[in-house]
Amino acid sequence: MDYDVKDLALSPKGKDRIEWAQQSMPVLRMIRSRFLRDKPLAGVRISACLHVTTETAGLAVTLRDGGADVRVCASNPLSTQDDVAAALVQEYGIPAFAIKGEDNATYYRHIASALAHAPHITMDDGADLVTCILTERKELIPHVIGGTEETTTGVIRLRSMAKEGVLKFPVISVNDADTKHLFDNRYGTGQSTVDGVLRATNILMAGMRVVVSGYGWCGRGVALRAKGMGADVIVTEINPVRALEAVMDGYRVMPMDQAAAVGQLFITVTGNKGIVRKEHFEVMRDGAMLANSGHFNVEIDIPALESLSTSKRRIRDFVDEYTLGDGRKIYLLGEGRLINLASAEGHPASVMDMSFADQSLSVEYLVRNHDRLQNQVYAVPTEIDHQVARLKLSSMNVEIDSLNADQRSYLASWNQGT
Ligand code: ADE
């Protein structure tokens with residue numbers, strides 16, 4: 001079997017951790033049992049470019065049990081769990097191409113390897129597979145029936161491809177499912193980002209001035225959890241509605257020019273570039289820490305930080321100390337890459353359960369419906385979203401009401417008044 005992982009000897013540990021995660025993924029387990037029985041993905045070749053974690057392994061195995069031929073590669077050079085990559089190969093027979101800390105050349109070589117079986121379906125977290133197919137591997141386009149996309153940044157790119165008319169197959173935006181972003185982005189990123197910062201630094205959050213840049217679902221989650229641990233949270237935003245929401249949620253809101261001078265820990269979650277940059281480093285307090293939880297490592301202007309620095313050293317795992325010309329020290333966590341996956345383990349399994357249930361059911365939907373779809377970005381069908389929510393509730397033993405006939409008719413009417 002073709003694969004490239006750090007060390008196959010790590011696979012027993014990876015298998016145990018994958019089994020542990022599966023305990024908290026009841027919805028995915030139910031889908032997997034049905035897939036095993038019905039084989040809805042028989043003969044479907046899937047390339048999955050995702051963070052290679054215990055939860056992703058659960059997804060890959062579900063797709064494989066549905067009959068798919070799955071190849072997995074990393075969607076970020078620092079997010080791979082090497083024991084999981086080894087277990088995918090050794091224990092589950094799934095080709096994996098991912099090594100934590102891989103350089104850029106290896107990262108793109110791994111993407112090429114994941115595409116080597118000419119996929120019918122691409123599964124992206126950041127749109128790298130689709131980008132590679134549309135730019136460098138155009139000969140693969142005729143094989144592809146569709147793709148899925150996991151994250152906000154990827155969806156933004158895909159929409160711009162669709163707008164320019166260069167997208168050559170339909171893609172389902174899993175990120176836009178309510179059962180994805182309301183939970184994974186908010187509670188998953190919220191908890192795992194704080195987890196990543198704490199594992200990297202062991203700082204006390206209580207009393208710390210934490211600047212959260214971006215008040216989308218991820219930023220809301222990070223701010224909420226930091227506040228819950230006693231931090232004094234400042235939010236920076238460019239969207240006036242989101243800024244207003246942050247104010248009414250109880251945070252101080254100000255431009256980065258002001259926040260830069262007072263913040264002690266900066267966490268970027270905007271999906272944009274150059275959020276913390278030269279003029280901000282110039283006014284930061286000695287000892288300021290910078291972390292990013294957005295998809296790409298462009299939110300903190302690392303080249304500008306390097307250019308202002310006279311020296312740099314790794315002071316702890318995942319913490320680089322930059323000494324500036326005037327002697328101030330600034331600490332960059334996780335090389336400015338997704339801190340929740342670089343120094344921690346990403347979102348907990350119970351939230352990835354819903355995201356990856358959405359992924360599995362979206363793949364099944366693509367297999368059944370691709371010939372009716374255009375080369376556009378599609379939302380996850382509401383039935384899938386509701387099905388995932390219902391299964392999750394039932395796994396939690398939570399029951400809810402349903403409309404009676406009278407209520408249904410009331411909602412459908414316009415002439416029943418007081
Ligand atoms: N993205 C964030 N957390 C993740 C996880 N645990 N597995 C896969 N992708 C993720």
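Residue numbers count from 1 along this sequence. Counting starts at 1 for both ligands and their atoms, in listed order.
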Non-neighbouring partners of R313 that pass side chain to side chain contact (heavy atoms under 4.5 Å, CB included), sequence neighbours left out: I315, E321
Restricting to pairs with a member in residues 77-87, which pass side-chain hydrogen bond (donor to acceptor under 3.5 Å, both in side chains), not counting sequence neighbours? R17-Q81, R17-D83, H51-S79
With no hydrogens and no angle check, just 3.5 Å: does a side-chain donor-acceptor pair link N76 and D125? no
Residues which pass ring pair (Phe, Tyr, Trp, His ring centres under 6.0 Å) with Y251, listed by chain and number, not counting sequence neighbours: Y215
Pairing of D176 and R159 as salt bridge, 4.0 angstrom limit: yes
So does E335 pair up with R314, basic N to acidic O under 4.0 Å? yes
Ligand 1: which protein N/O atoms lie under 3.5 Å from its N/O atoms?
| residue | atom | partner | partner atom | Å |
| --- | --- | --- | --- | --- |
| ligand 1 | 3 (N) | H347 | N | 2.8 |
| ligand 1 | 3 (N) | H347 | ND1 | 3.4 |
| ligand 1 | 6 (N) | E55 | OE1 | 2.8 |
| ligand 1 | 6 (N) | H347 | N | 3.4 |
| ligand 1 | 6 (N) | H347 | O | 3.0 |
| ligand 1 | 7 (N) | T53 | OG1 | 2.7 |

